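Structure first, then comments.
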Amino acid sequence: MGRAGGPGPGDPAEFMRQAAERAAQSATTGAADTSSRVSQLADAGRALAHGLLRTDHDGAVPVDATARALIRDGHVHGDRWEPAYTEWLQGLRDRGVDTDRAIADLGTIWDFLRHDPKWTFDPSLEYGGVLMFGSPDIGGAAALTGFVRHRGLTDVPVVFSGYADPGKGDTVPEAVRFRTQAEKVGLGAHRILEDRAARNTGENATNSLELLRENGRAVSSVIGVCTPQHARRVWATIMKQGPDVEHAAVITADVSVENFLRYGMRTDAARAAPPGETASAIMGEIKRLDDYPAEGHIVAQAVPDHIRDTYDRLAEVFRPTGKRF
């Protein structure tokens, strides 16, 4: 299964590393032409699938940073959530919802949540650390891995943060799960730190920054990695909880809202959130941006009028989830 000019069957780990880098790099760089990026992502995803099939037959892992396909028991599974997505759309249509308009509107909110020039990575800065904000969407580990390798941040510590939530039946801390997954898809011998105590986004930021300080790192500039819908809140959390932070870059997988609803970024279809729950969680981020500054969790950010209007149109279609810091 080796490719001409690339690592052969005798070096699966190196093959996997290079393919993971290509996949996640194309998924996290937004400046390239869209059609070219999609083609590169597909090629890299297929290459990574071959490498992973040789090294981890039993574990389910994302083929690329958008988890468009999974590998489990030696087989590549694509479109794992297509039936759930199709059924969900049909349910909306049965309620009289214009699903084309609704998904387009949700995409407007999605893009507002995941893009902002103020958290763009600045290659001229010396970043003190990379903070991985855990979530159920463990495919974000591939985005982190590709970004770190692509940018050559080999001397920058990576902090994995998150506890084992007994309410969800977790036995392995989120920090450990993400670190393990990142190593599977090619994270090299970086200076890895773990915080296994953080229970929410605020503690993710506070504990990770403190770990970096304790290890002699200046945190005036740091990088946060998270799922796309959390980017705006993660940036605002770092800036609020880190008084000595002057600049925080935020990196996420470059995936459309439709593909995120279809496939998610999880390694187990059985644990994938239903599309309706995901849509409600995306909507709930706007509510958090409104309420959390007064509660001391995040810095305040203006929400543009067109985002407000879009949110109001969708509020009865995708009811926002309640607050949870």
Side-chain angles (χ1 to χ4, degrees), residues 27-35 37-38 66 85 88-89 91-93 95-122 133 135 137 140 143 201 224-240 247-265 273-295 297-325:
T28 54
T29 51
D33 175 75
T34 300
S35 60
R37 187 172 67 232
V38 170
T66 63
Y85 181 73
W88 173 66
L89 286 183
L92 292 175
R93 295 186 186 108
R95 290 167 46 196
V97 174
D98 180 343
T99 53
D100 289 342
R101 174 66 181 274
I103 297 301
D105 280 348
L106 190 64
T108 297
I109 292 176
W110 172 261
D111 288 341
F112 168 70
L113 293 173
R114 70 191 180 115
H115 289 314
D116 198 303
K118 64 176 170 276
W119 63 65
T120 300
F121 174 79
D122 184 348
F133 287 77
S135 75
D137 300 295
T201 306
V225 182
C226 61
T227 46
Q229 74 270 32
H230 297 135
R232 187 165 292 277
R233 180 157 56 94
V234 160
W235 177 85
T237 301
I238 294 173
M239 300 307 293
K240 180 65 177 183
H247 168 74
V250 180
I251 306 301
T252 73
D254 188 13
V255 55
S256 69
V257 71
E258 184 174 359
N259 277 335
F260 192 81
L261 291 168
R262 286 178 186 269
Y263 310 119
M265 291 171 60
E277 289 185 15
T278 301
S280 293
I282 294 168
M283 292 284 290
E285 288 296 316
I286 300 297
K287 181 66 172 172
R288 291 167 172 80
L289 293 178
D290 286 340
D291 295 345
Y292 282 2
E295 297 174 12
H297 300 318
I298 65 176
V299 297
Q301 298 178 80
V303 177
D305 289 343
H306 76 281
I307 298 297
R308 294 274 183 209
D309 293 342
T310 303
Y311 177 87
D312 290 342
R313 279 199 304 272
L314 290 178
E316 290 302 314
V317 179
F318 309 126
R319 295 181 184 276
T321 56
K323 295 187 297 180
R324 192 181 78 176
F325 184 43

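This structure is a prediction, so every number in the text was calculated from the model and none was measured.
- Between Ala143 and Ala253, the shortest heavy-atom contact is CB-N, 4.1 Å.
- You'll find the side chain of Phe260 reaches within 4.5 Å of the side chain of Pro228, heavy atoms only.
- A salt bridge between Asp291 and Arg288 is absent, with no side-chain N of the basic residue lying under 4.0 Å from a carboxylate O of the acidic one.
- Arg233 has its side chain within reach of Glu285: a pair of non-hydrogen atoms, C-beta onward, lies under 4.5 Å apart.
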Residue pair Phe133, Trp235: steps toward the ring-ring contact (aromatic ring centres under 6.0 Å, His included) verdict
CA-CA 11 Å; Phe133 287 77; Trp235 177 85; over 10 Å; no

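- Between the side chain of Ser280 and the backbone N or O of Arg319 there is at least one donor-acceptor pair closer than 3.5 Å.
- Val257 and Gly107 get closest at one heavy-atom pair: CG1-CA, 3.5 Å.
- Closest approach of Met239 and Ala248 over heavy atoms only: SD-CB, 3.9 Å.
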Pair Phe112, Ile286 - check side chain to side chain contact (heavy atoms under 4.5 Å, CB included), show working.
CA-CA 10 Å; Phe112 168 70; Ile286 300 297; 4.1 Å; yes

Which donor-acceptor pairs under 3.5 Å do side chains of residues 299-307 form with protein atoms, sequence neighbours excluded?
from	atom 1	to	atom 2	distance (Å)
Gln301	OE1	Arg232	NH1	3.0
Gln301	NE2	Arg232	O	3.3

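- Across all their heavy atoms, Ala231 and Arg114 have their closest contact at CB-CA, 3.9 Å.
- Residues Val255 and Trp110 share a closest heavy-atom pair of O-NE1, 3.0 Å.
- The CG atom of Asp98 lies 9.5 Å from the CZ atom of Arg93; values are rounded to the nearest 0.5 Å.
- Note that CH2 of Trp119 is 11.0 Å distant from CD1 of Ile251, once rounded to the nearest 0.5 Å.
- Between the CG atom of Leu89 and the CG atom of Asp100 there is a distance of 9.0 Å, given to the nearest 0.5 Å.
- Side chains of Leu289 and Leu113 form a contact here, defined as non-hydrogen atoms less than 4.5 Å apart.
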Let me see the working for Leu261 and Ile103 under side chain to side chain contact (heavy atoms under 4.5 Å, CB included), right down to the final yes or no.
CA-CA 10 Å; Leu261 291 168; Ile103 297 301; 4.1 Å; yes

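- One finds the CG atom of Leu106 at 10.0 Å from the CG atom of Asp111 (value rounded to the nearest 0.5 Å).
- Interatomic distance, CD1 of Ile282 versus CD of Gln229, reported as 5.5 Å (0.5 Å rounding).
- Distance CD1/Ile109 to CZ/Phe318: 9.0 Å, rounded to 0.5 Å.
- Residues passing the side chain to side chain contact (heavy atoms under 4.5 Å, CB included) test with Asp309, sequence neighbours excluded: Arg313.
- Listed here is the closest heavy atom pair of Gly224 and Ile238: CA-CD1, 4.3 Å.
- Counting heavy atoms from C-beta on, the side chains of Lys287 and Tyr292 never come closer than 4.5 Å.
- Between Cys226 and Thr252, the closest side-chain pair of non-hydrogen atoms falls below 4.5 Å.
- Salt-bridge check for Asp312 with Arg308: failed, with every basic side-chain N at 4.0 Å or more from each acidic carboxylate O.
- The closest side-chain heavy-atom distance from His230 to Thr201 is not below 4.5 Å.
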